[in-house]
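Since the structure comes first, as structure tokens, the remarks are kept for the end.
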Amino acid sequence: MRIRLPQPELSSPRLRLREVRSEDAPALFAIHSDPQVMRYWSYPAWTELAQAEAKVADIQRQRREQDILIWAIAEAGSDRLIGSSAMFALNPDQGRAEIGYSLHRDWHDRGLASEALRLILGYLFDGLQLRRVEADTDPRNTASCHLLEKLGFVREGLLRERWFVNGELCDTAFYGLLRRDFIRN
């Protein structure tokens, strides 16, 4: 019997990072149906709540079957989902994984994405003993690029025309963060 990677709950004064639950589907839909939030993603904005419900079911299946961690980023006081973050493509032998994140537009510009990622990266480097975490973002998403760089990620390359979304070819800026370069505060 395969033992799944434990999903730790992480917290700060403003945030609670926990497992995604079925009742999070409407809040997840609110994020992924916003064309402004989804502008730089590798798939278009959702149009139906059923897509969010299917995603929650897929997240729960992935957690049972794969070494993947997916956190609901919740407001500490209300426990309401305001974003999410995933650690995937884990290669424990190589000490590396990839990370992705999203945050509802109403919660942008408050330092919450940075706060959530610091919690997660701290766990990945200290708890899982990873040596490297990677992220890819659309180079036009300057807010995401700035966030990654603020945490110590280094832009290591550009993957041209990596995605085709909403009839548009999109590049990927590829970032890497080594444990020794992680800016914890």
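Taking hydrophobic clusters as Ile, Leu, Val, Met, Phe, Trp and Tyr residues chained together by side-chain heavy-atom distances below 4.5 Å, L49 shares a cluster with I59. Side-chain heavy atoms closer than 4.5 Å link hydrophobic residues (I, L, V, M, F, W, Y) into clusters, and following such links, even through other members, never connects L178 to L148. Residue F174 is not grouped with residue V133 when hydrophobic side chains (ILVMFWY) are merged at heavy-atom distances under 4.5 angstrom, including chains of intermediate members. Put simply, Y175 and Y40 are part of two different groups of oily side chains (I, L, V, M, F, W, Y) that touch within less than 4.5 Å, one to the next. Residues V154 and L177 do not share a hydrophobic cluster, defined by chaining ILVMFWY side chains whose heavy atoms lie under 4.5 Å apart.
Rounded to the nearest 0.5 angstrom, D171 CG and R162 CZ are separated by 11.0 Å. Atoms CG and CZ, on D34 and R39 in that order, are 13.0 Å from each other to the nearest 0.5 Å. Separation of atoms CG (D181) and CG (L151) is listed at 12.0 Å; rounding is to 0.5 Å. The OG atom of S114 sits 9.5 Å away from atom CG of L121, with the distance rounded to the nearest 0.5 Å. Here the CG-CG distance, from L117 to L112, works out to 11.0 Å after rounding to the nearest 0.5 Å. For the atom pair R110 CZ and D106 CG, the distance stands at 7.5 Å (nearest 0.5 Å).
Using a 4.5 Å heavy-atom threshold, the side chains of L69 and Y123 count as touching. A heavy-atom distance below 4.5 Å is found between the side chains of H108 and L103. Side-chain contact between V165 and P44 is present, with heavy atoms from C-beta onward closer than 4.5 Å. In this structure, the side chains of I68 and L90 stay at 4.5 Å or more apart for every pair of heavy atoms.
The environment of R184 atom CZ is dense: over 12 non-hydrogen atoms of other residues, nucleotides or ligands sit within 6.0 angstrom. R180 CZ: 12 or fewer foreign heavy atoms inside a 6.0 Å radius.
With hydrogens and angles ignored, the 3.5 Å screen pairs a side-chain donor or acceptor of R63 with a backbone N or O of L5. In this structure, the side chain of R16 does not engage the main chain of G77 through any donor-acceptor pair within 3.5 Å. In terms of modelled atom types and a separation under 3.5 Å, the side chain of R96 and the main chain of R131 share no donor-acceptor contact.
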Stepwise side-chain contact (heavy atoms from CB on, under 4.5 Å) test for S84 and I31:
CA-CA 9 Å; S84 64; I31 296 167; 5.8 Å; no

For the pair Y101 and L147, evaluate side-chain contact (heavy atoms from CB on, under 4.5 Å) and give the outcome as yes or no after the intermediate values.
CA-CA 11 Å; Y101 48 89; L147 170 61; 3.8 Å; yes

Is there a salt bridge (charged side-chain N to carboxylate O under 4.0 Å, His left out) between R140 and E168 once you walk through the steps?
CA-CA 13 Å; R140 298 169 298 176; E168 177 183 27; 2.7 Å; yes

Going through the checks in order, is the side-chain contact (heavy atoms from CB on, under 4.5 Å) test met by F29 and E53?
CA-CA 8 Å; F29 178 72; E53 292 166 342; over 6 Å; no

How far apart are the C-alpha atoms of R118 and K150, what are their side-chain angles, what is the distance that settles it, and do they pass the side-chain contact (heavy atoms from CB on, under 4.5 Å) test?
CA-CA 10 Å; R118 277 196 171 93; K150 184 169 116 177; 4.2 Å; yes

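Of the charged side-chain nitrogens involved, at least one lies within less than 4.0 Å of a carboxylate oxygen, so that R132 and E156 count as a salt-bridged pair. Between E149 and R155 there is no salt bridge, since none of the side-chain N atoms of the basic residue sits less than 4.0 Å from a carboxylate O of the acidic one.
Ring geometry, W46 versus H32: the interplanar angle falls under 30°, so the pair is classed parallel (tilted spans 30 to 60°).
Taking all atoms of both residues into account, the shortest heavy-atom contact from D24 to E19 is OD2-O, 4.2 Å. What you find for C145 and T137 is that their closest heavy atoms are SG-CG2, 3.6 Å. The minimum heavy-atom distance between A76 and L15, with the atom names listed, is CB-N, 3.7 Å. Closest approach of I99 and S85 over heavy atoms only: CG1-OG, 3.8 Å. The shortest non-hydrogen separation linking L81 to A72 is CD1-CB, 3.5 Å. Pairing each heavy atom of K55 with each of L28, the nearest pair is CG-CD2, 4.1 Å.
Just one residue in the list W163, F164, W41 forms a side chain to side chain contact (heavy atoms under 4.5 Å, CB included) with C170, and that residue is W163.
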